[in-house]
Amino acid sequence: MSKISESKYKNFKADREKFPKMENGKPVIDLDSHKFTKIWQGPQHPGVTGNMSMEITLNGDEIVDAKTHVGYLHRGFEKLLERRKYIQGFTIVCRICVPEPDTNEYCYSAAVEELSGIEIPEKAKWIRTLNLEMSRIASFLMWIGGQAGSLGMGIIGQWTVSMRDFWLDLFEEISGGRIYHMYIIPGGVRKDLPKGFKDRARNLVTKTRKLLSDVERTFFNNSIIKSRLKGLGIITPEMVDEYGIVGPNARGSGKEYDVRQNTPYLKYNELDLNMLTATGGDAYTRAELRYQEMHQSLDLITQILDKIPEDGDIQAKIPNVINWKIPAGQTYIKAESTRGEHGFYVVSDGSKFPRRVFNRGASYTHAISVLEKLAVNTSISDLAGLMVSLHTCPPEIER
Amino acid sequence: MSLKDILSPFGVWKRAAQKPWTIKKPTKDRPGAENYRGFHKNDFEKCIGCGTCEDICQNAAIDLMPVDKVDTDMGDSGLRPLLDYGRCCWCALCVDVCPTGSLTMSNEYTWISDEAEDFRFIPGADETKWQNESRGYKRSENMQLIDYDRVEMSELEPENRDKTFIEIVKGYNKEQAMKEAERCLECGICVAQCPAHMDIPEYIAAIREDDIENAFRILYETNPLPEICGRICTHNCETACALHNNGESIAIRWLKRYIADQIPPEKYKEVLGTKHLADPKINKKVAIIGAGPAGLSAAYYLAILGYEIKIFEALPNAGGMTRYGIPKYRLPYDQIDKDINYIKSLGVKVQFNTRIGEDISLEKLHNDYDAVFAGTGLHLSRSTNIPGSDNKRVYFATNLLREVTLGNEIDVAEKIVVVGGGNVAMDITRTLARLQNKKYGKVQITATSLETEDIMPADREEVVEAREEKAIIDPGWGPKEVEIENGKIKGLHVVKCTSVFDDEGRFNPKFDKNQKKYFEADMVVEAIGQGMDLSYLSEEIKTGLKFGPRGRIQVNEKFQSDLKWLFVGGDIIQGPDVISGIANGHIAAKGINKYLL
């Protein structure tokens with residue numbers, strides 16, 4: 001793995017001492033002065049991740065103020081879950097994040113299992129771990145296409161998104177679905193791995209590594225990318241705790257926090273993985289860190305494939321799901337998604353239906369408060385790149 | 001910034017020479033994976049229309065609909081799921097919960113039609129291009145979302161019960177009952193199957209809610225003999241249960257017993273809200289002949305309507321065949337009394353030791369009462385009429401069972417053969433086995449029937465338990481002759497029975513005379529069926545009635561005979577079983593009410 005370059009904290013050079021005038025930490029914006037332009041980026045905009053929008057105030061092409069607007073994608077998942085039996089939940093939670101549904105499935109199922117005191121079989125744990133890592137690589141492959149595309153380099157997206165499709169083929173094999181796998185259910189998983197799956201997965205790991213070397217050559221060893229991303233959207237170590245930043249965004253600023261290692265779940269404590277951190281804090285550092293995490297995921301997948309037991313149950317005995325009541329209680333289950341800590345807080349009142357299901361997605365912090373802060377003083381042309389570098393996923397914000 | 005960073009990105013061009021992963025115009029469709037969750041398929045042969053798929057679908061994409069090719073049948077609602085692909089999210093939860101495994105998915109994922117209505121379709125009924133596709137999502141064998149295993153019922157061990165008449169089945173405790181109740185899919189197939197149409201899913205739901213009083217009220221809506229039915233009902237509901245297709249059906253009978261056992265007799269009136277019913281409020285009288293299940297059921301429902309009821313019973317106690325035909329170890333007499341005492345407490349009068357036709361004539365009842373309900377049951381036994389069957393030590397099972405209940409000592413030989421394969425045969429076999437054990441310290445009793453073991457009409461558990469009690473069950477033989485020497489029975493000759501019913505399903509046994517067997521015995525008991533005794537009908541009354549097949553009195557759907565004042569029900573009309581009698585009694589009570597109002 002290449003060593004992460006340490007970029008200096010290099011901000012966009014704009015003299016904000018005199019203009020615009022600041023009051024209580026907010027710029028005073030008088031649109032009638034004709035010195036500002038207010039525009040909306042999104043919700044329909046190729047440079048926006050998913051359906052959200054930025055209300056930005058420009059002075060020339062410099063952003064002086066930014067505000068995130070969400071609500072375009074609200075489907076009321078949390079509320080819907082309160083009217084669903086526990087078993088029906090897995091068909092809904094996966095929709096909270098399209099590129100990486102499995103983390104939702106896992107957290108929800110694990111929460112239900114914890115509340116009802118069910119221990120899932122060993123094999124199911126291994127398969128779940130595999131599934132989560134596969135979903136991480138699939139999500140990262142989509143992200144890197146977006147990161148390059150947001151800077152005008154469409155070719156990376158064409159490569160990686162088609163590679164992602166090969167991963168979706170594997171998902172299709174085990175779960176029967178490509179996008180919404182609906183595979184991890186309370187009690188275990190729905191299907192055993194099909195015959196020959198491990199070999200196909202190993203081949204795909206090799207194929208992906210080969211593609212990633214091409215990506216490294218064209219995306220990371222690229223003077224334009226470097227000049228665009230280095231120094232963009234710097235997250236300082238102080239901001240990490242202040243804003244509650246997690247995942248690669250936090251680790252890119254030196255924070256050693258990875259749920260898989262800090263509080264290992266499933267089989268992560270039986271796997272060999274290192275905490276990957278960097279100290280640059282800018283978009284390029286984050287991109288490089290994610291690139292390394294992709295390799296890490298591929299490495300973990302190889303490890304898991306070697307360790308999955310051939311025999312064993314895939315599902316614990318659960319009561320009749322139609323009348324499944326779960327003892328009153330509450331729990332919070334978290335897992336490391338590609339965007340950072342992803343969690344489900346589930347409250348049961350002892351009935352057939354959850355009293356409350358709350359989903360904590362990393363994007364809530366990243367796309368609302370952090371993005372608003374980082375966008376100021378950047379150029380409008382960098383906003384899309386900045387947004388992707390935070391790897392935001394709007395459905396997580398508006399569950 | 002290095003020179004490498006400027007040159008390296010041009011590496012993208014090398015891929016221009018590589019074979020692309022995707023092509024513009026695919027020449028053939030890529031099939032979905034082996035497990036793909038594509039369009040639905042439904043195997044009509046397996047589907048029972050239980051609607052569990054409809055219940056679990058969180059998108060309300062499934063509706064159960066009547067289908068041309070399918071009729072309502074035993075354990076089949078006759079409905080089939082209709083899928084609405086405007087709502088379906090292809091989660092396949094319907095496939096995973098399907099208790100019969102009929103619902104599956106194909107791996108087909110393209111379907112083009114300009115008619116929106118096409119996408120609401122009934123898989124299995126409508127022609128589809130994927131209906132014969134073997135690939136696609138199916139429930140994994142090792143993945144279960146419904147519980148197919150019944151909560152085990154604790155019973156007396158064979159060594160502790162083979163000399164006594166203590167009740168064998170101990171009943172569920174609260175925890176066991178709630179666990180068993182949890183398994184219910186609430187499909188309601190059982191309700192249609194139950195002759196009394198008891199609201200089974202509702203009372204099971206009440207057990208889950210631990211609302212036993214409500215459950216008890218639900219029982220009494222359709223069945224005033226829950227202690228009796230909770231022990232010895234023929235439980236057609238369990239045969240129809242959706243879980244029966246792939247696992248063990250819900251223990252509906254034991255759950256009913258659990259409910260009834262929880263309510264002490266002194267709380268009956270309070271729970272059922274019948275405290276005000278002490279005095280009849282309608283000034284009309286109904287006479288009931290026979291205090292069996294049908295008569296008691298009619299009496300109960302008429303009593304709560306406010307009629308003055310009097311039951312005439314030939315024997316010294318109430319319960320009919322449930323008391324005089326079923327041994328105590330299956331149905332203890334105090335439990336029968338619990339049900340009956342409550343009915344009596346509603347003002348129902350019972351006159352025992354009074355045989356209509358002998359002690360009082362039916363005509364007199366007609367004169368004294370506004371309506372009469374006759375549920376006289378099947379108390380005459382049929383004989384094999386084989387040579388030697390006129391010996392004094394050839395007995396009828398029902399007569400022996402009645403004597404045991406009456407407390408009289410009966411003849412118990414050292415070696416006994418029982419002829420018959422129904423529950424009565426098992427009852428007498430097991431009763432005599434106990435008596436033999438007491439008297440001789442060992443069991444030497446053999447039960448033989450025409451039917452082979454797989455088609456024996458007796459309940460499976462009866463056969464198993466009889467064997468546990470060391471009785472020999474040797475089915476598949478037809479009795480030929482009782483061998484008698486000096487007036488004493490030596491044994492029973494039998495020949496192999498090759499088939500019991502003919503192609504049209506009529507009773508027409510065929511024998512293979514070359515295969516013979518001989519059972520040594522000092523005593524033979526016949527338990528091959530019962531007949532009715534309608535001697536209480538005078539010639540004059542008979543002329544006013546119509547008789548149907550097998551000499552049964554013809555009645556309308558309210559069990560009213562051609563003599564408008566005479567209602568008939570129970571085993572002499574339908575069955576024979578307790579629950580049909582209860583159902584008849586209930587309907588007849590409504591009929592009598594309509595007739596008298």
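In what follows, every chain begins at residue 1, and chains take the letters A, B, ... in the order their sequences are listed.
Counting heavy-atom pairs under 4.5 Å between each of B:D147, B:V97, B:T52, B:N107 and chain A puts B:D147 at the top. For the options A:K325, A:K191, A:E173, heavy-atom pairs under 4.5 Å to chain B are most numerous at A:K191. Among A:D169, A:D214, A:I155, the residue with the largest count of heavy-atom pairs under 4.5 Å with chain B is A:D214. For the set A:F219, A:F220, A:F166, the count of heavy-atom pairs under 4.5 angstrom toward chain B peaks at A:F166. Of the listed residues B:R15, B:R139, B:K14, B:M105, the one with more heavy-atom pairs under 4.5 angstrom with chain A than any other is B:R15.
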Apply side-chain contact (heavy atoms from CB on, under 4.5 Å) to B:L93 and A:Q88, showing your working. CA-CA 8 Å; B:L93 198 51; A:Q88 294 173 324; 4.0 Å; yes
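Nearest approach of A:T218 to B:S8, heavy atoms of both residues: CG2-O, 4.1 Å. Shown here for B:Q58 and A:I92, the closest heavy-atom pair between the two residues is OE1-CD1, 3.4 Å. The heavy-atom pair separating A:I318 from B:Q144 by the smallest distance is CG1-O, 3.9 Å.
Using a 4.0 Å cut-off between charged side-chain N and carboxylate O, A:R217 and B:D5 make no salt bridge.
Of the atoms belonging to B:A205, not a single heavy atom falls under 4.5 Å from chain A. For chain A, no part of B:R135 is nearby; none of its heavy atoms comes within less than 4.5 Å.
A donor-acceptor pair shorter than 3.5 Å can be found between the side chains of B:Y137 and A:R190.
Residues A:I174 and B:N35 have side chains not in contact (no heavy-atom distance under 4.5 Å, counting atoms from C-beta outward). The closest side-chain heavy-atom distance from A:N323 to B:R183 is not below 4.5 Å.
Formation of a donor-acceptor pair under 3.5 Å by the A:N320 side chain with backbone atoms of B:E182 is found in this model.
Between B:W90 and A:Y180, the distance from one ring center to the other does not fall under 6.0 angstrom.
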